[in-house]
Amino acid sequence: MKVIGLGLQKGGVGKTSISVALAAELAKTSKVLLIDADPQGNASGALLKEIDYELADALLNNCTADQPVTKTAIPNLWIMPTKPLETEGKEKSKLRVYKKNVASEEPFVMDDLTKEFQDDFDFCLFDTSPDFSTFEENIFYACDEIIPVMKCDTFSADGLTIFLENINDFKRRRRCEKATIKTVVINEHNASFALDTNIKNAIMNQAGYNKIIVPQDQAFKKAQAYQTSIQEIGAKATTLKAIAELANAIKG
């Protein structure tokens, strides 16, 4: 099983949308587990109507590791969910409690968790929060590959620089030999905007990474509303091509 983490230290870049779309694309030919490790629970809300056990329950030993794993309506795609904040509220969020009080004491917990499923799935994807706390480090320690997701704006470009620096620092401190970065996703690109094009070109000119350009597409919002994937509701051909390219890059 290959473990992939999607992240960036900036919210609103469409990371969850890309995570769900990528998971659905990989699920066309493989068994996929998506772990919603963002306390906001947006990926879970986009795929499930009801949630019994969640990721935090497994981390807090309130259930076995496999009990939160839930089949989605998308063939070959399962999710280990997190209850959305809009239903739970910040004070009741078990994952926020775990992050704050327990994560620093369990540096290898996510590595151990993913190994529980290594014979059951072909791919495991982590949708992460726009943070870089010990909790996120624990996730990235378990990952074979990390994919930064950014938008075509100055704040995202700065966030990418900071994220790459933090990943390098984390790998040095934790003596992590995995967690490689091979691909960067440039999301919500609008070719009619000069700023989008300038930022895209600046990122594209950086050596060392494969770059996937995902255009602006209302299909991402529609997919969330209908709790399905963009592949099911008629996304742009350029969007579907970009997601397919991202899946192929992961498959190697």
Side-chain angles (χ1 to χ4, degrees), residues 1-7 14-59 63-84 95 110 113-129 139 142-147 149 183 185 187 212 214 217 219-236 239-252:
M1 183 179 74
K2 191 169 186 179
V3 183
I4 309 293
L6 292 94
K15 173 177 50 57
T16 295
S17 297
I18 297 297
S19 297
V20 173
L22 174 59
E25 187 68 26
L26 290 169
K28 289 180 177 180
T29 56
S30 307
K31 290 184 69 176
V32 181
L33 174 62
L34 174 60
I35 299 181
D36 189 351
D38 185 346
Q40 295 185 76
N42 289 334
S44 303
L47 291 172
L48 299 178
K49 290 183 171 63
E50 296 181 358
I51 296 173
D52 294 323
Y53 292 106
E54 58 180 315
L55 168 63
D57 286 317
L59 296 175
C63 67
T64 60
D66 62 313
Q67 282 182 285
V69 176
T70 305
K71 183 74 175 68
T72 74
I74 299 170
N76 291 326
L77 177 58
W78 284 256
I79 185 169
M80 183 176 282
T82 289
K83 292 183 179 179
L95 194 57
M110 290 302 192
L113 181 67
T114 55
K115 287 176 180 175
E116 292 270 354
F117 304 108
Q118 62 185 355
D119 296 327
D120 301 316
F121 297 96
D122 302 300
F123 295 95
C124 174
L125 306 184
F126 278 98
D127 182 29
T128 64
S129 70
I139 293 170
C143 292
D144 299 299
E145 185 175 343
I146 299 170
I147 300 176
V149 179
T183 303
V185 174
N187 192 30
I212 304 291
V214 180
D217 194 334
F220 286 109
K221 293 181 179 179
K222 288 176 62 178
Q224 293 171 5
Y226 290 103
Q227 292 185 311
T228 186
S229 68
I230 61 167
Q231 290 88 343
E232 296 296 321
I233 59 172
K236 295 178 181 177
T239 302
L240 297 176
K241 180 180 178 181
I243 298 300
E245 288 177 358
L246 180 58
N248 289 332
I250 290 172
K251 293 176 183 178

Can you tell me how far [atom2] of [Y] sits from [atom1] of [X], rounded to the nearest 0.5 angstrom?
| X | Y | atom1 | atom2 | result |
| --- | --- | --- | --- | --- |
| K241 | K236 | NZ | NZ | 15.0 Å |
| M80 | I51 | CE | CD1 | 12.5 Å |
| T183 | E245 | OG1 | CD | 10.5 Å |
| N187 | T239 | CG | OG1 | 9.0 Å |

A side-chain contact here means heavy atoms from C-beta on lying under 4.5 Å apart; do [X] and [Y] qualify?
| X | Y | value |
| --- | --- | --- |
| E232 | Y226 | no |
| Y53 | T64 | no |
| V69 | F121 | yes |
| L59 | M110 | yes |
| D122 | L26 | no |
| L47 | L34 | yes |
| L125 | S19 | no |
| L246 | I18 | yes |

Whether the side chain of [X] engages the backbone of [Y] through a donor-acceptor N/O pair (distance < 3.5 Å, no angle test) should be reported.
| X | Y | value |
| --- | --- | --- |
| E54 | P68 | no |
| D144 | K2 | no |
| Q227 | L48 | yes |
| T128 | L6 | yes |

| Smallest separation among heavy atoms of A65 and L113, with atom names |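 Minimum heavy-atom separation between A65 and L113: CB-CD1, 4.0 Å.
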| field | For C143 against I146, the heavy-atom pair lying closest together | value |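 Minimum heavy-atom contact is CB-CG1, 4.3 Å.
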| query | Taking atom types as modelled and ignoring hydrogens, do the side chains of T16 and N42 form a donor-acceptor contact shorter than 3.5 angstrom? | reply |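 Distance-only check fails for T16 and N42.
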| message | Does either side chain, that of K251 or that of T29, offer a donor lying less than 3.5 Å from an acceptor on the other one? | response |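 Yes, a side-chain donor-acceptor pair sits under 3.5 Å.
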| side-chain contact (heavy atoms from CB on, under 4.5 Å) assessment of F220 paired with V20 | CA-CA 10 Å; F220 286 109; V20 173; over 6 Å; no
| message | Salt bridge check, D120 against K31: does any charged N sit closer than 4.0 Å to a carboxylate O? | response |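 Not counted as a salt bridge, because no side-chain N and carboxylate O are separated by less than 4.0 Å.
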| query | Among T70, T72, D36, which one satisfies side chain to side chain donor-acceptor pair (under 3.5 Å) with S44? | reply |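 Of all the options given, the one that passes is D36.
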